[in-house]
Amino acid sequence: MTPAARCAAAIEVLADIIDRRRPAADALKDWGLAHRFAGSGDRAGIASLVYDALRRRASAAWIMGCETPDAGTPRALLLGSLRLQQGLASPSIAALFSGERFAPEPLTDGERARLNTANLDGAPRDVAGDCPPFVLPELEAALGDDLIPELKALARRAPLDLRVNTLRGPREAVLPALEGYGAAPTPHAPQGLRVPVGADGRGPALHVEAEFLDGWYEIQDEGSQMAALLADARAGETLVDLCAGGGGKTLALAAATANGARLIATDGDPRRLAPIHERLRRSGAEAEVRTPRGGKMRTDVLTDLDGTVDRVLVDAPCTGSGTWRRNPDAKWRLRPGSLATRQAEQATVLDRAARLVRPGGRIVYVTCSLLPSENDDAVAGLLTRTGGAFATVPSADLLAPAPASFREAVRRTAHGVQMTPLRTGTDGFYVAMVERRA
C-alpha cells in the first residue's frame, strides 16, 4: 500500500472507532480481516496513523477548526495529527491527500489554510493537553504546574521495555542477544532493558525470539517493574498477588525472591488469569494460582489465608489514565460513571487485602492511574474504613529499594509515590504501602 492509501485506510478505521465507540484494537483487527491484501507492514503503518490521531484527538480537531474533539471528523483528526504529531508541512500532507487512486480526496482551501496557519495558541487546557475536560481538575491536583508538559508527554509514543528474568540469569547475560535491536539498560529498573521503536511507533517482534521463548525476559513497562520492586518482596514471606491478571507482577515478585517466597496469585476475573500458566512455565517462576469459580457468585479462594499473609500486592483495576501513551483511545471512552465504578472496585479489593494481612503485614497498592481519586483517596478511604488498624509507610521507606535516580525523579504524594512519563519516563504508575499495626 502507498502512504496515501494507508491514510485513506486510517480514516476508515477512525470512522469505525468514533461511530461505534469501540476500542481501536478491535477496529484495526476487523479492518485487517476485511482487507487481507494488506501486509503486516501496512497494518502496522495504519495502526500508527490511527493511534497518533487518537493521541492528539483534541488538538488535531482544534487546529482543523472543529469546535470540540467529538466534532472532529476522522479526516480532520488525521490531518491535524499529521501536522502536530508527525510535523508534516502542508505540501507534504497535500501530496498524501491527492485524490489519486486509493488516496483521500484533495485538501480543500479551508483545510490548506488551517494547516498553514493554525496553532494551539489560546487553546483550552484540555485541548492543549489532549484529555477529557472532566478529569482536568484531578490531573491538575496531581501534576500541578507540570500539567500541560505531562499531558504532552502522555500524548507521545511509548517505548518498548523488557524485564530480564533473573531466575534465568542476569541482565548482562541477555543483553548481547538484543544489542542488534539497540537494547540498552533502562534508566531506573535494575533488570530493565529499553528497545527503540521504529518511525511508525512499532517495536521489533521480540516475542518470537529464542530468548523470550526460553523465559529470559518479559515485555513490561519500566514503571510496572518499579512498582514490583517497591513491593519489596522477600524470601520466606507469604505473598498474595490479589489482582494478578496475566501475571506480569507475579513473575517479577517470584524473580525478586528467587522463588524463595510462598506466592499465591489470583484475580476476581478468572478470564484474566488465562495467560499466567504459560508465563509461569516459560519463566521458571513458582506460584500457586487460585482461580475463582461459580460465575457471578464466585467463591472466595483465599479465606484460609486471612490474617496470615506478610504482603499483599493490589494491582487495582483503574481507569488506566497513566497508560494513555499506549492506549490513547481509552481516554476518549472514559466517562464519570466508569471512574465511579473503578473507585468502588478499588475499595472492594483493598478491603479484601486488609483481611488477609497479619499484624505487621503490608498492603502494596498499585494503579496505572494519575487520578488522586484512584490513588491517595483510595488509600485514605482504607485507612478510614479500618479505623486506625493501618498506617501509611513513609515514602522514604517505600522508596528504599529504588536507585537514587528514581527517588529523585518520582513525585511524592500524601500516601505514596506517582510515576509519570515526564518525570520518570515511565507509564503513570502510583504505588503506596500501608502496614497493619501490630
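All residue numbers in this chain count up from 1 along the given sequence. All heavy atoms count here, side chains included; hydrogens, waters and symmetry mates do not.
Between the side chain of Arg423 and the backbone N or O of Ala409 there is at least one donor-acceptor pair closer than 3.5 Å. At distances below 3.5 Å, at least one donor-acceptor pair connects side-chain atoms of Arg171 with backbone N or O atoms of Gly192. At least one donor-acceptor pair closer than 3.5 Å links the side chain of Asn259 to the backbone N or O of Glu286. Counting only distance, with no hydrogens or angles, the side chain of Arg156 and the backbone of Arg325 share no donor-acceptor pair below 3.5 Å. Looking only at distances, no side-chain donor or acceptor of Glu218 sits under 3.5 Å from a matching main-chain atom of Gly248. Judged by distance alone, the side chain of Thr413 and the main-chain N or O of Gly416 form a donor-acceptor pair under 3.5 Å. Under a 3.5 Å cut-off, the side chain of Asp221 and the backbone N or O of Asp427 do form a donor-acceptor pair.
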Checking Glu222 against Arg194 for the salt bridge (charged side-chain N to carboxylate O under 4.0 Å, His left out) test, could you report, in this order, the C-alpha distance in whole Å, the side-chain angles of both residues, the deciding distance, and whether it holds?
CA-CA 8 Å; Glu222 187 183 20; Arg194 180 159 293 170; 3.2 Å; yes

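Between Lys29 and Asp26 no salt bridge is recorded (no basic side-chain N to carboxylate O distance below 4.0 Å). Ion pairing between Glu211 and Arg168 fails under the 4.0 Å rule for side-chain N and carboxylate O.
Applying the salt bridge (charged side-chain N to carboxylate O under 4.0 Å, His left out) rule to Arg163 yields no partners; only residues at least two apart in sequence or on another chain are considered.
Sorted by first then second residue, the salt bridge (charged side-chain N to carboxylate O under 4.0 Å, His left out) pairs that include residues 242-255, not counting sequence neighbours, are Lys249-Asp315.
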